[in-house]
Colleague: 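Structure in structure tokens, see below.
Quick note on labels: first sequence line is chain A, next is B, and so on, each numbered from 1.
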2 protein chains.
Amino acid sequence: MAKHEKISEAVVRRLPIYLRYLSYLQQNEVTTVSSQQMGKNLDVNPAQIRKDLATFGDFGKKGIGYDVNYLVEKIRQILKLTDEIRVALVGAGHLGHAISNYNAYLKDNMRIAAIFDNDPGKLGKEVAGIPIQPLNELADTIAQRQIKLAIITVPAPAAQSVCDQLTQAGIKGILNFAPTTIRAKKDVRIHYADVTSNLQSLAYYLT
Amino acid sequence: MAKHEKISEAVVRRLPIYLRYLSYLQQNEVTTVSSQQMGKNLDVNPAQIRKDLATFGDFGKKGIGYDVNYLVEKIRQILKLTDEIRVALVGAGHLGHAISNYNAYLKDNMRIAAIFDNDPGKLGKEVAGIPIQPLNELADTIAQRQIKLAIITVPAPAAQSVCDQLTQAGIKGILNFAPTTIRAKKDVRIHYADVTSNLQSLAYYLT
DNA sequence: TAGATTGTTAATCGATTAACAATC
DNA sequence: TAGATTGTTAATCGATTAACAATC
């Protein structure tokens with residue numbers, strides 16, 4: 001039975017990792033998997049995996065393990081990946097282009113549904129079949145197309161303003177590639193993926 | 001005085017964030033900053049910031065705060081950003097191209113010094129002024145150019161093999177954009193930055 | 001039944017925050 | 001001196017891991 005404790009961010013970050021491995025097993029027609037096997041493949045403690053999953057329900061069978069198809073379905077439900085989730089991308093520079101072309105990868109019901117950029121030279125052009133729109137169309141488009149998440153790939157100085165416009169338009173989750181901290185109301189989730197800080201913290205561990 | 005406890009990963013991940021804000025203050029010719037001011041701007045608890053910094057030494061002055069220039073220098077030392085750090089990029093697809101063009105951004109003594117890809121159609125071509133080399137030159141090039149870190153932007157099925165070749169060549173830190181878990185010896189640090197899992201965990205928080 | 005593996009409790013470990021003496 | 005702010009200790013909070021009864 002699903003419990004209603006508050007779920008830790010660490011658990012939510014691991015679920016997509018589990019899902020990815022389980023999808024891989026599905027493709028290979030594996031029907032059952034144990035926490036031990038998952039842990040070995042994903043470098044996660046098996047007790048951790050069992051505990052994570054038990055947070056949401058009794059998905060396994062004692063002595064047997066987890067049914068792969070069933071677990072995939074359950075995790076997709078938990079992550080709300082059952083209906084298509086539409087994503088806006090703001091910033092059609094090199095990185096924006098690259099991520100737009102990821103649409104093929106973003107199976108599992110995620111889709112980049114709109115691209116915004118204020119560069120007049122880019123307006124009207126298309127990236128991966130999606131037209132580039134000016135930012136003044138952001139609010140309307142997000143409402144019309146029921147876009148729920150956004151990716152920011154604008155330069156750092158523009159990121160906070162874009163963030164403000166996105167949250168104004170009702171976006172509740174942002175993946176920020178701009179190398180700057182951005183702030184929003186507490187009910188807006190912000191994940192960071194910028195290359196620079198990632199590399200800099202890696203540097204700490206050298207020699 | 002620098003203490004020799006073991007430093008938690010959380011601290012190391014925050015240092016680049018502090019550094020970024022401090023650089024911003026430098027540009028604005030601010031000479032002194034308090035943990036309170038930093039905390040307010042970065043959404044981090046001021047006690048956290050003081051504790052993080054105190055791990056490495058007594059950098060502040062009671063009643064005054066931190067000298068911006070001095071703190072920048074100290075954090076750069078801690079993160080080993082004093083000498084140029086060379087980075088290899090493996091996978092010259094759209095994302096690889098985008099990141100290569102980040103070289104301008106990666107000031108602070110980071111530089112992409114080599115690009116590898118096995119697509120025969122790409123060999124010999126250049127990205128952002130850097131020639132694309134075949135993977136069989138990876139080990140030699142990494143040794144010659146004293147490359148210390150690597151970014152993986154190859155498709156998921158190739159990522160583990162690339163990781164193996166990189167660690168074989170002595171790389172100790174990897175930033176992985178491929179949507180798959182990769183494994184390496186414990187002395188190799190792997191950071192993940194793939195778009196899919198980031199977006200999927202954001203989806204959890206919707207509605 | 002014997003072996004395997006879950007779900008869960010208890011123990012451990014680690015990270016964050018509050019509070020305050022020291023001191024600029 | 002009065003006000004501000006650090007560095008650090010103690011308290012709190014949260015996350016991970018070990019262990020094992022339940023049970024397939």
Colleague: Using whole Å, report how far CG of A/Asp52 lies from C1' of D/dT17.
Modeller: 12 Å
Colleague: Specify the separation, in whole Å, of atom NZ of B/Lys62 and atom P of D/dT6.
Modeller: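 Going from B/Lys62 (NZ) to D/dT6 (P), I get 11 Å.
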Colleague: Take A/Gly63 and B/Gly63, find for each the nucleotide of DNA chain D with the closest heavy atom, and name the residue whose nucleotide sits nearer the 5' end.
Modeller: B/Gly63
Colleague: Without decimals, in angstroms, what is the distance between B/Asn45 CG and D/dA11 P?
Modeller: 18 Å
Colleague: Taking A/Asp83 first and then A/Lys148, would you say they form a salt bridge - that is, a charged N and a carboxylate O separated by under 4.0 Å?
Modeller: no
Colleague: Does the ring of A/Tyr204 carry B/Lys80 above it, NZ/CZ under 6.0 angstrom from centre and within 45° of its axis?
Modeller: yes
Colleague: Judged by modelled atom types alone, do B/Gln48 and B/Arg14 share a side-chain donor-acceptor pair under 3.5 Å?
Modeller: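 There is such a pair (donor and acceptor under 3.5 Å, judged by atom type) between the side chains of B/Gln48 and B/Arg14.
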Colleague: Below the 4.0 Å mark, does C/dT6 have OP1 or OP2 next to a side-chain nitrogen or oxygen of A/Ser35?
Modeller: yes
Colleague: Whole Å only: how far is the NZ atom of A/Lys61 from the C1' atom of D/dA22?
Modeller: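 It works out to 15 Å between those atoms.
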Colleague: Tell which nucleotide pairs with C/dA18, taking only Watson-Crick or G-U wobble pairs whose two distances are both under 3.5 angstrom.
Modeller: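 Base partner found: D/dT9.
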Colleague: Rounded to whole angstroms, how far apart are NZ on A/Lys51 and C1' on D/dG14?
Modeller: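 After rounding, the reported distance stands at 10 Å.
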Colleague: Measuring only between side-chain heavy atoms, which start at C-beta, is A/Arg111 closer than 4.5 Å to A/Arg145?
Modeller: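 No, too far: nothing below the 4.5 Å cut-off.
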Colleague: What's the CG-P distance between B/Leu15 and C/dA15, to the nearest Å?
Modeller: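 For the pair B/Leu15 CG and C/dA15 P, the rounded distance is 13 Å.
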Colleague: Quick check on DNA chain D: between A/Ile64 and A/Arg14, whose nearest nucleotide comes earlier from the 5' end?
Modeller: A/Arg14
Colleague: So does A/Ser8 get a side-chain nitrogen or oxygen closer than 4.0 Å to the phosphate oxygens (OP1/OP2) of D/dG14?
Modeller: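 No.
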Colleague: Assess whether atom OH of A/Tyr24 is packed by more than 12 heavy atoms of other residues, nucleotides or ligands within 6.0 Å.
Modeller: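 Atom OH in A/Tyr24 is not crowded, with 12 or fewer foreign heavy atoms closer than 6.0 Å.
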Colleague: Strictly by Watson-Crick or wobble contacts shorter than 3.5 Å, is anything paired with D/dC24, and which nucleotide is it?
Modeller: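 When the pairing criteria are applied, C/dG3 turns out to be the nucleotide that pairs with D/dC24.
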Colleague: Would you say A/Tyr66 places a side-chain N or O within less than 4.0 Å of OP1 or OP2 belonging to C/dA4?
Modeller: no
Colleague: Write down the distance between CZ (B/Arg50) and P (C/dC20), rounded to a whole number of angstrom.
Modeller: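 The answer, rounded to whole Å, is 13 Å.
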